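Counting begins at 1 with the first residue of the sequence. FYI, side chains are in, hydrogens and waters are out, and symmetry mates aren't considered; it's all heavy atoms of this structure. Given the structure is predicted, the values throughout are model-derived calculations rather than measurements.
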Amino acid sequence: MPAPDIDVALDDLRDGSRAWVALTLSQRARLLDRLHASISDAAPEWAAAAARSKGLDARHPLRGEEWLSGPYGAIELVDALAATLRRLARGINPLDGVRVTPAPGDRVRVAAFPLRAIDALLLSGFTGEVWLKPGVTESEARAGAGLAQRSPGTPGGVGLVLGAGNVTSIPVADVLYELFAHNRVAMLKLNPTQETLLPIFTRALAPLIEPGFLRVIAGGPDVGAALTAHPGIDHVHITGSASTFERIVWGDGPQARRRRRENRPALKKPITAELGGVSPIIVVPGEWSADDIRYQAEHIATMRLQNAGHNCIAGQVVLLSRDWPQRAQFLAALRRAYDEATARMPWYPGSSERMDAAAAAYPDAMWCGDRTRLLVETEAGAVPGPIEETEYFAPVLGVITLPGLGQDFLDAAVAHANERLTGTLGANILIDPATEAALGDGFERAIADLRYGAIAINAWTAFVFLTPTLTWSAFPGSTLQDVGSGIGIVHNALLLDDVERSVARGPFRPFPRSLTALVRGGRFSVLPKPPWFVSSRTGATVSEGFTRFRMHRRWPALAATLLRAFRA
C-alpha cells in the first residue's frame, strides 16, 4: 500500500475510533455476533488457503491443523468476548459465578475453563486457570475485570498490529484484543507468508472493516517500518521474533547499539509483543505402562511437529531424569514417535538454514522423518547449549537428562527451565496421577516456581493458546531492554487485569484408559486421542467437524464428528 493510501486508511480509523466509543456494550456484542457469522462463511476458504500456503493439499492428514488454528480459534474468541460483553451490558461482573480460589504464593486463581457445558463435553478432562499476580485479592480481581469495557466511551486511539506469519488466527485475535481490552481501533498488516489470506480476511472481518474499526493491508518490511513510524499510530503490537522487535524499538546498526546503551528507543510510542522462546517439556519420572509411554511420546512429538515445528509455543527441550528406570524405554518410544509421525516438509522461511545450524552444533544428532526433522540428545552442560538458547522455529527437538527422582528431579527441572532456557512463554509438564498425588503440595509449589506465562500439565500449552478465556503472554517482567518472550497479554476473553499466567490441566490417559481414574485417581476423560495429535488417524475430519459445530451448532453433525474422534 503506497504512503498516501496508508494516510487515508489511518484517517478512516480515526473516524472509526469516534464511532467505536459511541457504541454501547450491547451493540458491541451484536457486532461480535455478526463477526461470528462472517468468519463462519469464510472459514472453509480460510482453512483451505492456509493449508495451501503451508504445502498441505486437500487430502493431507494434517490439514485439520489449519481449521483449529485458524477459524476455530477466531470463532471461539469472538463468542467468548460476546459473552463477556453481554454480562457487562447487564451490569454483571465477568467473574460473577466463576470460582476464584487461593493459589500458592499469596495468589488467587480464576477457574476460567470450562465455563460452558459443551466445553466440558468436547474437551472432557481439561481445565484451565488464570493466576493473578501475587498480592492481588479476589475483590481487586473483580473490580478490574472488564478492562476498557468498564469505560467504553474512553477512546484508546489507533493501534498497529503486525500479524504473525505462522498461525492464521493470531492476527484476528490480536485485533480483537486491541478493540476490547484497550478500545483501540486497528491497522492490521499481514505477514508476507500469509498475504494470500488478504481477500479472505477482508470478507471474514467485514463487520469490523465497514464501520472503520479495522483496516487490513499486506506488505513487506518497508510497509511495516512506515507504519510503526507514522504519527497516526498510537500503539504497536507484534507477534514475531525478538530480533524483529529489537529492530522496531532500537533501529539497526551502530546507532541502535548506542540508543540501547543510552535507553533512547527509536520507537516513540508504546509497544507490546509476543515473541516465543525455548519451551521445556518436563517429564516427571513415575511408573508408566507401555501404553502411557507410547501415548506421551506421541504427545511430545505433537508439541514439536504440529505446524511443521513453526510455532512459538512448540515444545523444544525435553527434560528427562537420567535415574528413571524407564528412561531407555521412553527414549526408544520418543525416537520412534518422532521419526514415524506423518511426513511433512518445513515451510517457514529460513527453517532449513536453522536446522542445518542445529545439526552443525550437534554432529551426533539424529535426522528423522526422511531428514525433515532433527533429534538432539545431550546431557546438561556447565553452560547452556544452542538447543537451550536458540528458538529454532523448525522441527528440532532436544532431550536433556538431569539427575534425580520425585521432588528432587522436579525442582531441578524447574530451576533448569527458569535459568537455562531462553524465554518465558510456555512450559509443559507430563506427570502420572500417582506421582502427582505423592508429591502433593510440592507439585503445586513447583508450578508456582515456574516462571512462564502459560503452563500445561498433561497437556500442551497450545491448549492455553486456543482457549479464549485463558490468557496468552510471557511471564511478567520483560522490558524494552530485555524483552524475552514479550510484553503484555492477549486473548483473555474475561478481560482480567493483573494477570501473571495461565495454567491448563489435562488427563494423563485418554479414553478408554482414563477409566482407571475412577478407581485409581487422576482425571477421567471421555476424549480419546485428541484431534490435534500428529498421530491422530481422524484428526483432519474431526478438527473440521469441531470447527463446523462451533460455526453452526448442528448437533447431529457433532454426533458424527464424535464417532470419528473415537477412531483416532
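- With a 4.5 Å cut-off on side-chain heavy atoms, M187 and V161 do not count as touching.
- In this structure a side-chain-to-backbone donor-acceptor pair under 3.5 Å is missing from S485 to L275.
- Using a 4.5 Å cut-off on side-chain heavy atoms (C-beta onward), N166 and N311 make contact.
- Under a 3.5 Å cut-off, the side chain of R215 and the backbone N or O of L188 do not form any donor-acceptor pair.
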### Message
For R344 and L56: C-alpha separation, side-chain torsions, deciding distance, then whether side-chain contact (heavy atoms from CB on, under 4.5 Å) applies.
### Response
CA-CA 8 Å; R344 181 176 184 182; L56 304 177; 3.6 Å; yes

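- For the side-chain hydrogen bond (donor to acceptor under 3.5 Å, both in side chains) test with E500, the passing option among R109, K133, R107 is R107; the others fail.
- The main-chain N or O of V223 is never found under 3.5 Å from a side-chain atom of K189 such that the two would form a donor-acceptor pair.
- In the model, S169 has no side-chain atom that pairs as donor or acceptor with a side-chain atom of S69 under 3.5 Å.
- The main-chain N or O of L397 is never found under 3.5 Å from a side-chain atom of Y392 such that the two would form a donor-acceptor pair.
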#### Entry: Full working for side chain to side chain donor-acceptor pair (under 3.5 Å) between Q149 and N183
CA-CA 8 Å; Q149 300 312 299; N183 275 339; 3.1 Å; yes

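- Of all non-hydrogen atoms in S473 and G488, the two that sit nearest each other are CB-O, 3.3 Å.
- For the residue pair A380 and L402, the shortest heavy atom distance occurs at CB-CD2, 3.7 Å.
- Among residues two or more places apart in sequence or in another chain, the side chain to side chain donor-acceptor pair (under 3.5 Å) test is passed with K54 by E66, N307.
- Every pair passing ring-ring contact (aromatic ring centres under 6.0 Å, His included) that includes a residue from residues 179-199 is listed here, sequence neighbours excluded: W20-F180, Y177-H182.
- Between V236 and I233 the shortest side-chain heavy-atom distance falls below 4.5 Å.
- Side-chain contact between V399 and V376: absent, with no pair of heavy atoms (C-beta onward) separated by less than 4.5 Å.
- Judged by distance alone, with hydrogens and angles left aside, the side-chain atoms of Q194 form no donor-acceptor pair with the main-chain N or O of A50 at under 3.5 Å.
- With no hydrogens or angles considered, a side-chain donor-acceptor pair links S241 and S243 at under 3.5 Å.
- Taking the six-membered ring where the residue is Trp, Y348 and H310 present tilted rings, their angle falling between 30° and 60°.
- For W46 and T168, the side-chain atoms include at least one donor-acceptor pair closer than 3.5 Å.
- Although no hydrogens or angles enter the test, the distance criterion places no donor-acceptor pair under 3.5 Å between the side chain of R63 and the main chain of R52.
- Between D498 atom CG and I489 atom CD1 the span is 9.5 Å, to the nearest 0.5 Å.
- Taking each heavy atom of I248 and I271 in turn, the nearest pair found is CG2-CD1, 4.0 Å.
- E379 and T401 share a donor-acceptor pair across their side chains, judged by distance under 3.5 Å alone.
- For an aromatic pair to be called close, the ring centres must be under 6.0 Å apart, and W472 with F465 satisfies this.
- The shortest distance between side-chain heavy atoms of T390 and V278 does not fall below 4.5 Å.
- Checked for salt-bridge contact, R501 and E129 miss the test: no charged N lies under 4.0 Å from a carboxylate O.
- With sequence neighbours excluded, the residues that form a salt bridge (charged side-chain N to carboxylate O under 4.0 Å, His left out) with D15 are R18.
- For the atom pair CD1 of I75 and CG of D79, the computed distance is 7.0 Å after rounding to the nearest 0.5 Å.
- Side chains of V318 and I282 form no contact here, defined as non-hydrogen atoms less than 4.5 Å apart.
- When atom types are taken as modelled, the side chain of Q316 and the backbone of E391 share no donor-acceptor pair closer than 3.5 angstrom.
- Atom CG of L160 sits about 9.5 Å away from atom CD1 of I6, to the nearest 0.5 Å.
- Nearest heavy atom pair, residue L480 against residue P265, reads CD1-CG, 4.0 Å.
- Contact record, L13 with A186: CD2-O, 3.6 Å, taken as the closest heavy-atom pair.
- A distance of 11.5 Å separates CD1 of I209 from CG of D12, quoted to the nearest 0.5 Å.
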### Query
When you look at D7 and H230, which way does the side-chain contact (heavy atoms from CB on, under 4.5 Å) test go after all the steps?
CA-CA 9 Å; D7 292 336; H230 198 287; 2.6 Å; yes

### Message
Is there a side-chain contact (heavy atoms from CB on, under 4.5 Å) between V78 and L176? Walk through the geometry before answering.
### Response
CA-CA 8 Å; V78 165; L176 292 172; 3.8 Å; yes

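- Under the rule for a side chain to side chain donor-acceptor pair (under 3.5 Å), E389 has no partner lying at least two apart in sequence or in another chain.
- Using a 4.5 Å heavy-atom cutoff, the side chains of E353 and D356 are not in contact.
- Side chains of T479 and I487 form no contact here, defined as non-hydrogen atoms less than 4.5 Å apart.
- Closest heavy-atom contact between I200 and A49: CD1-CB, 3.5 Å.
- Within the structure, ring-ring contact (aromatic ring centres under 6.0 Å, His included) contacts touching residues 235-279 (residues at least two apart or in different chains) do not occur.
- The backbone N or O of A143 sits less than 3.5 Å from a side-chain atom of R150, completing a donor-acceptor pair.
- In summary, the side chains of H299 and N428 do not present any donor paired with an acceptor at a separation below 3.5 Å, with no hydrogens or angles considered.
- Although no hydrogens or angles enter the test, the distance criterion places no donor-acceptor pair under 3.5 Å between the side chain of T239 and the main chain of A164.
- Side-chain contact of T372 with D370: a donor-acceptor pair under 3.5 Å is absent, judged by distance alone.
- A search for side chain to side chain donor-acceptor pair (under 3.5 Å) contacts involving W532 returns nothing, not counting sequence neighbours.
- Within the 3.5 Å criterion, the main-chain N or O of Y338 finds a donor-acceptor partner in the side chain of R373.
- Between the side chains of W67 and E65, no donor-acceptor pair of N or O atoms lies under 3.5 Å.
- By the 4.0 Å N-to-carboxylate-O rule, D252 lies too far from R259 to be salt-bridged with it.
- The CD1 atom of I455 lies 4.5 Å from the CG atom of L450; values are rounded to the nearest 0.5 Å.
- Atom CG of L494 sits about 12.0 Å away from atom CZ of F113, to the nearest 0.5 Å.
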#### Entry: Full working for side-chain contact (heavy atoms from CB on, under 4.5 Å) between W460 and I313
CA-CA 9 Å; W460 176 27; I313 201 56; 4.1 Å; yes

